[in-house]
Amino acid sequence: MELEIKLFASLRKFNPELERIEVDDGITILELFDKAGIPPSEVAIVLVNGRHAKLDQPLHDGETVAAFPPIAGG
Amino acid sequence: MSKITKNEEHLSRILEQLIETTGEVEIAIETLAVDQGIPKRVAEALACGLDIFPKRYKANAGTLGSEGQKRLLQSKVLVAGLGGLGGHAVEQLVRCGVGELVGVDADNFDETNLNRQLYSDINSIGLSKTEAARNRVAKINDAVEFYPLTRKLEDLESDAYNGVDLIFDCLDTITSRLHLQDIGERYSIPLIHGAIGGWFGQVAVVWPGSKLLSNIYGTKREGIEKTFGNPPFTPAFIATLMVSEGIKLLLGKKKRENTVLFADLLNNQWQYITL
């Protein structure tokens, strides 16, 4: 199946060209990050089709995964 | 009719007469404040109630309206953290004419603040951030009352939040931000949250009970600023967004939603997400 990926801010550096990725059916978000080279420790928020998601959530064909890092400076 | 309203009407009539006799709004406001023993911000709010703008707010008029300006003068905002975000936030809030500001920060300025913290300069190294902010506010607008609290947020007494309409989260750790979220919840005060790191930043309104910051940070306790640091333009930009959100909220123009704006100044990308 194919997924769309949107990496935000500092996360882009881990895979700058990544926009779409071909993966096995039923892959979880955590497995997707592993395959795409994105350290889960750097990710604060994950959205699947715009909805807040947990790392063990399985993904489906055509879904869009967006990831954001933690930002906390003042 | 309440006592306050009666008194307000009475004071407004006196102010009208003073404007008529002096021909100068500023003198009339000053005279009313001194003669009646009321804070200048209250006298300015009365002028706005008569649809008369003190000169220093004239350029706000088309955007805020006299009712809006009056409301800001009657508002009290607590700014938690007077560093990169907090300095710019105070600067804009005082120029907007928010009547009372509480500034909270336990730190003094040092050389590493000079690249981005508005109230740091060569002469203010070693000075407390609250003192520097108080000096600056007094120079800009003598009607705004600034209450410095040179303490850690965690050490504030509950009376620090008396009458506070809105809190600006300009803090720099996730732990203290989550503490502030609890405070907002306890006292039913919304937060304007802002955070920065490198080219990136985020802004959100945290409504009491929404747990939005818990949803943003999850189990994370350290942000990307530890790697990227904080350049000068990101805090100025994010603080500006925070103030415009805060002003809208004070004016009753924000609807309750749990949205975060992410700003990527490197790629000029802006992303709204709902959590």
Side-chain angles (χ1 to χ4, degrees), chain A residues 2-21 23 26-74, chain B residues 80-87 89 105 116-117 168-178 193-203 213 215-230 234-235 238-239 258 260 262-267 269-275:
Chain A
E2 194 181 48
L3 300 168
E4 194 177 332
I5 313 280
K6 290 181 176 169
L7 299 178
F8 199 76
S10 56
L11 299 178
R12 282 170 71 125
K13 74 177 179 207
F14 295 110
N15 202 331
E17 304 304 318
L18 183 64
E19 284 177 4
R20 299 188 156 274
I21 189 166
V23 293
I27 194 172
T28 66
I29 293 170
L30 197 60
E31 289 162 346
L32 168 70
F33 284 167
D34 186 43
K35 188 175 163 68
I38 303 151
S41 61
E42 305 281 330
V43 179
I45 302 170
V46 186
L47 303 179
V48 175
N49 290 348
R51 300 185 70 145
H52 205 189
K54 292 207 166 94
L55 289 177
D56 58 0
Q57 181 172 318
L59 296 162
H60 305 95
D61 188 38
E63 285 182 326
T64 299
V65 179
F68 299 82
I71 304 176
Chain B
L82 296 171
L85 291 171
D105 202 308
R116 69 193 184 285
Q117 301 196 11
F168 272 60
D169 168 17
C170 301
L171 297 164
D172 60 0
T173 69
I174 294 172
T175 312
S176 58
R177 290 174 185 282
L178 293 172
H193 161 80
I196 50 170
W199 297 91
F200 316 109
Q202 65 193 28
V203 177
L213 293 184
N215 288 333
I216 289 174
Y217 291 117
T219 57
K220 296 285 177 297
R221 290 298 174 266
E222 205 163 86
I224 58 169
E225 68 284 353
K226 300 290 178 212
T227 311
F228 290 89
N230 292 305
T234 313
I238 294 296
N258 300 320
V260 188
F262 282 89
D264 173 346
L265 300 180
L266 182 60
N267 302 291
Q269 288 189 337
W270 330 104
Q271 187 84 38
Y272 278 100
I273 65 170
T274 302
L275 294 177

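Computed over heavy atoms, backbone and side chain alike; hydrogens, waters and symmetry mates excluded. Numbers restart at 1 for each chain; the letters A, B, ... are given by sequence-line order, proteins then strands.
- Between B:Leu275 and A:Leu47, some side-chain heavy-atom pair lies under the 4.5 Å cut-off.
- Highest contact tally toward chain A, considering only B:Ile273, B:Ile174, B:Asn230, is held by B:Ile273 [criterion: heavy-atom pairs under 4.5 Å].
- Using a 4.5 Å cut-off between heavy atoms, B:Thr219 makes no contact with chain A at all.
- Contacts of B:Ala239 with chain A are absent, with no heavy-atom separation under 4.5 Å from either backbone or side chain.
- Contact count versus chain A (heavy atoms, under 4.5 Å) is highest, among B:Gly218, B:Gly84, B:Ala195, for B:Ala195.
- A 4.5 Å side-chain heavy-atom check between A:Phe68 and B:Ile216 finds every atom pair outside the cut-off.
- Between chain B and the residues A:Gly74, A:Pro69, A:Pro70, the most heavy-atom pairs under 4.5 angstrom are made by A:Gly74.
- Rounding to the nearest 0.5 Å places CD1 of B:Ile238 at 7.5 Å from CD1 of A:Ile71.
- Summarising the local packing, CZ of A:Arg51 is surrounded by 12 or fewer heavy atoms from other residues, nucleotides or ligands at distances under 6.0 Å.
- The contact between B:Ile196 and chain A is made by backbone and side chain atoms together, counting heavy-atom distances below 4.5 Å.
- Counting heavy-atom pairs closer than 4.5 Å to chain A, the top-ranked of the candidates B:Thr173, B:Asn267, B:Leu266 is B:Asn267.
- Among all heavy-atom pairs drawn from A:Phe8 and B:Gln271, the shortest one is CE1-CB, 3.9 Å.
- Judged by distance alone, the side chain of B:Tyr217 and the main-chain N or O of A:Ile45 form no donor-acceptor pair under 3.5 Å.
- With chain B as the partner, the residue from A:Gly50, A:Ser41, A:Ala66 showing the most heavy-atom pairs under 4.5 Å is A:Ser41.
- From A:Lys13, atom NZ reaches atom OG1 of B:Thr227 across 6.0 Å, with rounding to the nearest 0.5 Å.
- Under a cut-off of 6.0 angstrom, the local environment of CD in A:Glu19 is sparse, with at most 12 non-hydrogen atoms contributed by other residues, nucleotides or ligands.
- Between B:Gln269 and A:Arg12 the shortest side-chain heavy-atom distance falls below 4.5 Å.
- Neither the backbone nor the side chain of B:Gln117 comes within contact range of chain A, judged by heavy atoms closer than 4.5 Å.
- No more than 12 heavy atoms of other residues, nucleotides or ligands lie within 6.0 Å of NZ in A:Lys6, so this atom counts as exposed by the packing criterion.
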